[in-house]
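Below is one structure, written out as structure tokens; comments come after it.
Not measured: the values here are computed from a predicted model.
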Amino acid sequence: MHRRKFLQYAAASGLGVGLGGYYYKHAANAQQAEPTKTTTSLPDTPLFIPGNSGLMGVMDVSDAPIALSARSSALPIMQGKPSPFLLYETQYGGKSYQNPIIRIKRGGQFKASLQNALNQPTIIHWHGLHVPGVMDGHPRSSIAPGARYDYAFGVTNRGGTYWYHTHAHPLTAEQAYSGLAGFFIVEDEAETALRNALGLEPGVTELPLLIQDKQFNAAGALVYGGNRMQQMMGQLGDTILVNLTPRPILNIQKRLYRFRILNGSNSRIYKLAFVRGNKTLPYTIIGTDAGLLDRPYNAQEVFLAPAERLDIVFDASNLPVGDEIVMKSLAFDAMENMMGGMGGMGGMGGMMGGMGGSALALGAEFPIMKLKVAGQAPGKTAQLPRQLSTITRIDTRRATARQIKLSMGRMRWLINDKTFNMNEYPIQSRSNTVELWDFQNAQMSMPHPMHIHGFSFQVVSRQNSPSQVRKLAQDASGRLITDLGWKDTVLVWPGETVRIAIDLTNSYKGDQIYVMHCHNLEHEDQGMMVNHKVTAA
């Protein structure tokens, strides 16, 4: 069980050797981790598919303002038992919505107000969108119970799957876990061309998939752990939800399907695959965080970290009617690079599960969703275009290089040895410049999904990646398929250095204040976040 390695890690990181026995006890059980009895006893449930109103309803917006209210509610998730949740509610175009899928055309003007009907501060961050700092949902913009915040900005992003979620420090993790999040989809010409080429129909053959892991008690209420270890390692659940559906199943036809996948979990990393029996099936990656890739890329497995999005096409045209395919998260070693690894899902991932009461360790294999081939589709199967979009690489010849070190001290995850201070600006850049950032994760660390507010970026290279990551590399720079497009979140493994290029061009007046942080939300709330000031040129 690599007990010596864990004790060395504990001593170096400040966990204390007293946790060694606790780790050893729980990690031994985590090797064969399965969902809880409550989860496995549930029947397969038809996947919830968002309509044009209600929960996750698709809401096409124009210039008319949206009035969002963050408030307490309940959803019948676990066998009809009411589960308390926090939701964004609104009335728009004569319809009611909860956590609406906001859909807007590129170049449109977005106007919204947030009314805080909670009993604690909150604010909305428009994740991945290029907006002025005051519109971004910086924690300093958080509003008190009963207060209101107004948003107004132009949508300049390329078409893609973005999202919005709460960002009140240090309440982000629990509020997001409790439900305050939703899709924000931007449409443009490339998106329209692809939809037409494949004959896709939103809500039928083009589906948003929100993947989350949560814990529920016997009464159906969400369980959120508050012990010190779970805050440090990250919340893990043992019930996997897709579009808030436990044990989901989707009937499909023999044709192409497009899935817009969002990892909305607090800290869980998924290794996505489609499995038929004991064989993994190929699928096609067509987009990442900030829109379509330049062309389709074939894959059989891919890592998806918290806050990352993945746009894929699954071809069921050659599968027999009656077949069942399982979308799974395959087993992996979350700590492979840490002193040679911690024993896979029975190592540090096992400790993370056990510490928070979850039976599903980080890195364990488990099913996410079933697909059942129910019938033959009419007509011929469409072919993916050879080109999906144009991606111009950022010119880095005059770029300024910056080191971003990820480490731990005194049981806190740190960025360049700093923890979050609302009034300090450790990273300062100039508008309309290009920078190269090297995210350098400590060898004795955890995987960290690093998110930059306000700007998209491009991955330049990966160095010292774990072997499970290196085998998925697409080029000599070590980049993965998910690194080849525009990004706003990138996963950095223990001991790994990921270089990104970021173009800070903007037309906003004055200095802009954003944040950069780990999107393991418990890490963020514990201070793994720094201000990023972009000063006017």
Under 3.5 Å side-chain donor-acceptor pair for [X] and [Y]:
{"X": "N266", "Y": "E522", "answer": "yes"}
{"X": "R247", "Y": "T45", "answer": "no"}
{"X": "D294", "Y": "Y297", "answer": "yes"}
{"X": "S69", "Y": "Q115", "answer": "no"}
{"X": "D213", "Y": "S265", "answer": "yes"}
{"X": "S96", "Y": "Q91", "answer": "yes"}

Ignoring hydrogens and geometry, is there a side-chain-to-backbone donor-acceptor pair from [X] to [Y] under 3.5 Å?
{"X": "R140", "Y": "M422", "result": "yes"}
{"X": "R268", "Y": "G237", "result": "yes"}
{"X": "Q512", "Y": "G510", "result": "yes"}
{"X": "D525", "Y": "A173", "result": "yes"}
{"X": "K254", "Y": "S317", "result": "yes"}
{"X": "E308", "Y": "T482", "result": "no"}
{"X": "N531", "Y": "V515", "result": "no"}
{"X": "D511", "Y": "A536", "result": "yes"}
{"X": "N506", "Y": "L504", "result": "yes"}
{"X": "N263", "Y": "A305", "result": "yes"}

State, yes or no, whether a side-chain contact exists between [X] and [Y] at a heavy-atom distance under 4.5 Å.
{"X": "Y164", "Y": "F183", "result": "no"}
{"X": "I101", "Y": "P50", "result": "yes"}
{"X": "S73", "Y": "L86", "result": "no"}
{"X": "M327", "Y": "L209", "result": "yes"}

Would you call the rings of [X] and [Y] parallel, tilted or perpendicular if under 30° counts as parallel and over 60° as perpendicular?
{"X": "F420", "Y": "H169", "value": "perpendicular"}
{"X": "F439", "Y": "W437", "value": "perpendicular"}
{"X": "H127", "Y": "H519", "value": "perpendicular"}
{"X": "H451", "Y": "H453", "value": "tilted"}
{"X": "H165", "Y": "H125", "value": "perpendicular"}

Original post:
Between F274 and F314, does the ring centroid distance fall short of 6.0 Å?
Top reply: yes
Original post:
Taking the six-membered ring for Trp, is the centroid-to-centroid distance between F184 and W163 below 6.0 Å?
Top reply: no
Using a strict cut-off of less than 4.0 Å between a Lys/Arg side-chain nitrogen and an Asp/Glu carboxylate oxygen, indicate whether [X] and [Y] qualify as a salt bridge.
{"X": "R106", "Y": "E189", "result": "no"}
{"X": "R148", "Y": "D150", "result": "yes"}
{"X": "D488", "Y": "R309", "result": "yes"}
{"X": "R258", "Y": "E191", "result": "yes"}
{"X": "R462", "Y": "D483", "result": "yes"}
{"X": "D188", "Y": "R158", "result": "no"}
{"X": "R255", "Y": "E206", "result": "no"}
{"X": "E187", "Y": "R195", "result": "yes"}

**OP:** Kindly confirm or rule out a cation-pi arrangement of K214 over Y177, judged by NZ or CZ under 6.0 Å from the six-membered ring centre and within 45° of its axis?
**Re:** yes
Original post:
Checking K533 against Y425: charged group under 6.0 Å from the ring centre and within 45 degrees of the axis?
Top reply: yes
